[in-house]
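In what follows, a structure is listed as structure tokens, so that the remarks can point back to it.
All values below were derived from every heavy atom in this structure, side-chain atoms included, with hydrogens, water molecules and symmetry-related copies excluded. In what follows, chains are A, B, ... by sequence order, proteins preceding strands, each numbered from 1. Remember, predicted model here, so these are calculated numbers, not experimental data.
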Protein chains: 2
Amino acid sequence: MLLELDFSSDTPIYMQIRNSIVVGIASGELSAGEKLPTIRGLADEAGVNMMTVNKAYSLLKQEGYIVTDRRNGACVNPDINTAKAYGEEEINKLKLVISEMKLSGVTEEEFLNICRNIFREKE
Amino acid sequence: MLLELDFSSDTPIYMQIRNSIVVGIASGELSAGEKLPTIRGLADEAGVNMMTVNKAYSLLKQEGYIVTDRRNGACVNPDINTAKAYGEEEINKLKLVISEMKLSGVTEEEFLNICRNIFREKE
DNA sequence: TTCTCTGTATTATAAAGTATAATACAGAAC
DNA sequence: GTTCTGTATTATACTTTATAATACAGAGAA
């Protein structure tokens, strides 16, 4: 698992970890059921506290992206519910990104192409 | 200016204000050169502290979205630089939204249609 | 058994970010 | 002068974030 953390970012570390894993699952870099690093292992590797990784894993578990087992550790949820509705929060985040890129001069077609590429990105 | 603040959100108030204005400019709700509410006025209206609004305006000014004048107050920058490159940060935010919606079961075509609608949204 | 690994929980602490409050100043408009 | 503007300063309180040091229960391996 590639995990790039930006300690000077305004995004909290635990959220960066959470985001990396979500993106990894969506891109196929992490496959359904795949074993994730242990909390302690990832904390060591990333140079952060165990509880910071734990916070990320707890959030991912609560969101249904991963499952945890005291025996085997954490795994990507082998059966993520792809029938759940996206929230208004996602739409608002999307609106914001589109607004910012629009004001950077990105045209609709350029933007859609960027999205197409990201959508099709495989590991 | 419509301004909906969610005080229970994990997004700071000053950032919500900043985001609302960015979206407003991009959608055309706020036009180039248009006068914005005064810091004190908006603070009163929104029920927040003056310095919170000031923080949002300072950020918007620094980002080039608005200009300020001690005489007239703050205005939408009449000449926003639409030739500036979008940052990697925007791409990462976009990747995250796409990932989350993908994992909610949204197909590529559905997603592109949502984007098209947002992109064309006028006030 | 004993040892080691897993996620989880607790408690304490430090540091940073956020928001409020009360003022004050400089510049321009009236 | 008075009033408005953005801006600046200082202090305070609260929340969030991250670390640290432990500890526990359950399961696997020696």
Side-chain angles (χ1 to χ4, degrees), chain A residues 1 3-22 25 30 33-78 89, chain B residues 1 3-22 25 30 33-78 89:
Chain A
M1 250 275 313
L3 187 58
E4 288 181 18
L5 296 183
D6 178 3
F7 291 93
S8 65
S9 165
D10 54 344
T11 305
I13 299 175
Y14 80 92
M15 191 59 77
Q16 291 185 47
I17 296 173
R18 177 264 181 197
N19 292 346
S20 288
I21 292 178
V22 170
I25 297 174
L30 297 169
E34 180 173 342
K35 198 171 180 321
L36 291 169
T38 66
I39 287 180
R40 289 171 177 82
L42 190 51
D44 273 2
E45 184 192 337
V48 300
N49 191 273
M50 198 187 77
M51 295 312 293
T52 303
V53 180
N54 182 61
K55 195 168 180 181
Y57 275 32
S58 295
L59 184 55
L60 287 162
K61 181 182 178 181
Q62 177 196 325
E63 294 176 314
Y65 291 123
I66 71 174
V67 292
T68 58
D69 188 328
R70 223 185 282 267
R71 296 165 296 184
N72 307 323
C75 297
V76 177
N77 187 342
E89 205 176 325
Chain B
M1 250 281 309
L3 187 58
E4 288 182 18
L5 296 183
D6 179 2
F7 290 94
S8 66
S9 166
D10 55 343
T11 304
I13 298 175
Y14 80 92
M15 192 59 78
Q16 290 185 47
I17 296 174
R18 179 264 181 195
N19 291 346
S20 287
I21 293 178
V22 170
I25 297 174
L30 297 170
E34 181 173 342
K35 197 172 181 320
L36 290 169
T38 65
I39 287 180
R40 288 171 178 83
L42 189 52
D44 273 4
E45 184 192 336
V48 299
N49 191 273
M50 200 188 75
M51 296 311 294
T52 303
V53 180
N54 182 62
K55 195 168 179 180
Y57 275 32
S58 294
L59 185 55
L60 287 163
K61 182 182 176 181
Q62 178 198 322
E63 294 175 314
Y65 290 123
I66 71 174
V67 292
T68 57
D69 187 327
R70 222 185 282 267
R71 296 166 295 183
N72 307 324
C75 296
V76 176
N77 187 343
E89 205 176 325

Counting only N and O atoms by type, is there a donor-acceptor contact under 3.5 Å from the side chain of B/K35 to the main-chain atoms of B/N72? yes
Between C/dT18 and B/K55, is there an OP1 or OP2 to side-chain N/O distance shorter than 4.0 Å? yes
Protein-nucleotide distance (B/M50, atom CE; C/dA24, atom P), rounded to Å: 13 Å
Picking from C/dG7, D/dT7, D/dT19, the nucleotide nearest the side-chain atoms of A/N49 would be D/dT19
Any donor and acceptor pair, going by atom type alone, linking the side chain of B/K61 with main-chain N or O of B/T68 inside 3.5 Å? no
Please tell me if A/T38 has a side-chain N or O lying less than 4.0 Å from either OP1 or OP2 of C/dT6. yes
note: B/I39, atom CD1; C/dA19, atom P; distance rounded to Å ~ 15 Å
Could you check how far OH of B/Y14 sits from P of C/dG17, rounded to whole Å? 9 Å
Check this for me: does the side-chain of B/R70 come within 3.5 Å of the base of D/dG6 through a donor and an acceptor? yes
Taking 4.0 Å as the cut-off, does a side-chain nitrogen or oxygen of B/T68 come that near to OP1 or OP2 on D/dT7? yes
When every non-hydrogen atom of B/I25 is compared with those of B/Y65, the smallest separation belongs to CD1-O, 3.9 Å
B/N54 CG - C/dA19 P separation (whole Å): 13 Å
Please determine if a side-chain N or O atom of B/T52 lies less than 4.0 Å away from the OP1 or OP2 oxygen of C/dT18. no
For the pair made of NZ in A/K35 and P in C/dC5, what is the distance, rounded to whole Å? 13 Å
Closest heavy-atom pair, A/L42 versus A/P37, reported as atoms and distance to 0.1 Å, is CB-CB, 4.1 Å
Length of the line joining A/I17:CD1 and D/dA18:C1', which is rounded to integer Å: 11 Å
For A/I13 and D/dA18, what is the distance between atoms CD1 and P respectively, to the nearest whole Å? 5 Å
Just call it for B/K61: base, sugar-phosphate, or nothing, with non-hydrogen atoms closer than 4.0 Å on any strand. sugar-phosphate
Calculate the interatomic distance between A/Q62 atom CD and C/dG7 atom P; express it in whole Å. 18 Å
Using atom types as modelled and distance alone, determine if a side-chain donor or acceptor of A/Q16 lies under 3.5 Å from a backbone N or O of A/T11. yes
Upstream residue (5' side of DNA chain D) when A/G47 and A/N72 are each assigned their closest nucleotide: A/G47
Mark yes or no for a side-chain to base donor-acceptor pair under 3.5 Å between A/R40 and C/dG7, with no hydrogen or angle criteria applied. yes
